[in-house]
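Below is one structure, written out as structure tokens; the observations come after it.
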Amino acid sequence: MSHPKEQSKNFVNSLDEAHSATQAVHVGLQRGPGEGVGLPIYDAVAWEFQDLEHAAHIFATNDGLSYSRIGNPTLSALEARVSALEGALGAVVTGTGQAATLLSLITLARAGDHIVASASLFGGTVALLTSVLPNFGITTSLVANDAESIRAALQPNTRAVLVETIGNPALDIPDFGAISGVTRTAGVPLIVDNTWGAVGALCQPFRHGADIIVHSLTKWAAGHGAALGGAVLCRPGLDCSANPLFSEHDREGVSLWQRHGELAFLWRARQLGLSQMGMVLSPQLAKSIFQGLETMQLRVERECATTLALAHWLQSQPGVTQVAYPGLESHPSNTLAHRYLPSGPGAVLTFNVAGGLEGASRFLSALTLIRRAANLGDTRTLAIHPWTTTHGRLGEAARIQAGVTPDLIRLSVGLEAPGDLQADLRRALDAALRSELVSSD
Ligand SMILES: *Cc1c(COP(=O)(O)O)cnc(C)c1O
């Protein structure tokens, strides 16, 4: 699974003892005389073999470079860095977050198997669970985001439980301690989509009982609205031997668990996702994400501070009927936010504007600084109307159950000066209020 670059004694592998701020700028680079201080982009599809025996050895073991779909040193550097920041055993990076979620699930489940997932998940994940995986014989129970509901939904064929660090758009935080108590007792791996936890900068799910973490690196990791990527990570010591995919014997009478032990999950994920299904990330984008990680902690700290300030300010603004942010004491997840996201509960808030759908429409059209776009974790503040976009395909009742109403606006807060954001929001709120006056005439 490793290759010569990883084995090189010059490769800064995890800096286990160092703080994450230090890991974020050092892990994954070669060092020593003549080594560049930036990450090289290995823009090659294939690597040359010494001779027939060398080629046969690499094909049999993947212990060395052969073909970029299977392994590339630029991607290995990103894997080492992401892995260090989350305290993982290792990582597999993928072309998108969507691919990472799918890969984590199909590494553990096949036709006839079952997944339990929080109903408060990213829309793309819900689509995967409810309209894609059932076609391949994998079914999902979507349940409330609490330990008791999850326990009640477990079946003998349940192979994974999936939750998100902060639900979207309800901004609800699961009680990781209670949920991992249930999954550990049942022997079912807990997968956490920690995209909103910013690769450990805000939340570290392995410390709270997660077994597997998935990321959309597109968001706060890459951080500049310019690169798509994803990652699947596994905690040290994960025992997959209870899952038939890992305990069944192959043609040689040996199971994946016997062959690879705690590395079995990552080995299967790499084989399935990269070698066989081609979910691979490009080296150019890996470099962009690798650089994004160097400033991620600084960015999210600033963005969380601005988000909290805006949340307080919005509460007192005419034209705003309600504000939701887990950093507000009024939010139902405020206690869990302090417990699991001590550096700040993310850089996303939602609020309801006066004037219903038309008010929301006037509000969005009146924004001049804040961009109307669907991404998260950009350096720029982005606004979206979930009712007509991210949740637009759900029926009305399902949208309202998910907390999505026609007057709801979601903001992903960037790095602008808070005063400039307030000025833009104030102007747009005035536009929403004008619509209310018009419609009540
Ligand atoms: C964006 C997102 C994804 C999907 O990631 P892509 O990189 O867009 O494929 C998955 N989960 C969460 C929580 C997200 O915000």
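The model shown is predicted, which means the values in this text are computed figures rather than measured ones. Excluded from the calculations below are hydrogen atoms, water molecules and symmetry mates; all remaining heavy atoms, backbone and side chain alike, are included. Each ligand, and each atom within it, is numbered from 1 in the order the structure gives.
- Cation-pi geometry between Arg299 and Trp220 is not met at under 6.0 angstrom from the ring centre and within 45 degrees of the axis.
- Under the side chain to side chain contact (heavy atoms under 4.5 Å, CB included) criterion, Ser149 pairs with Val143, Ala144, Asp146, sequence neighbours left out.
- For Tyr325 and His331, the distance between ring centers is not under 6.0 angstrom.
- For Phe206 and Phe176, the ring centers are positioned 6.0 Å apart or more.
- For ligand 1, the 4.0 Å heavy-atom shell contains residues Thr96, Gly97, Gln98, Phe122, Glu164, Asp193, Thr195, Trp196, Ser216, Thr218, Lys219, Gly229, Leu376.
- Taking the ring centre of Phe136 as origin, the terminal cationic atom of Arg110 falls outside the region bounded by 6.0 Å and 45° from the ring axis.
- For the atom pair CG of Asn62 and OG of Ser275, the computed distance is 6.5 Å after rounding to the nearest 0.5 Å.
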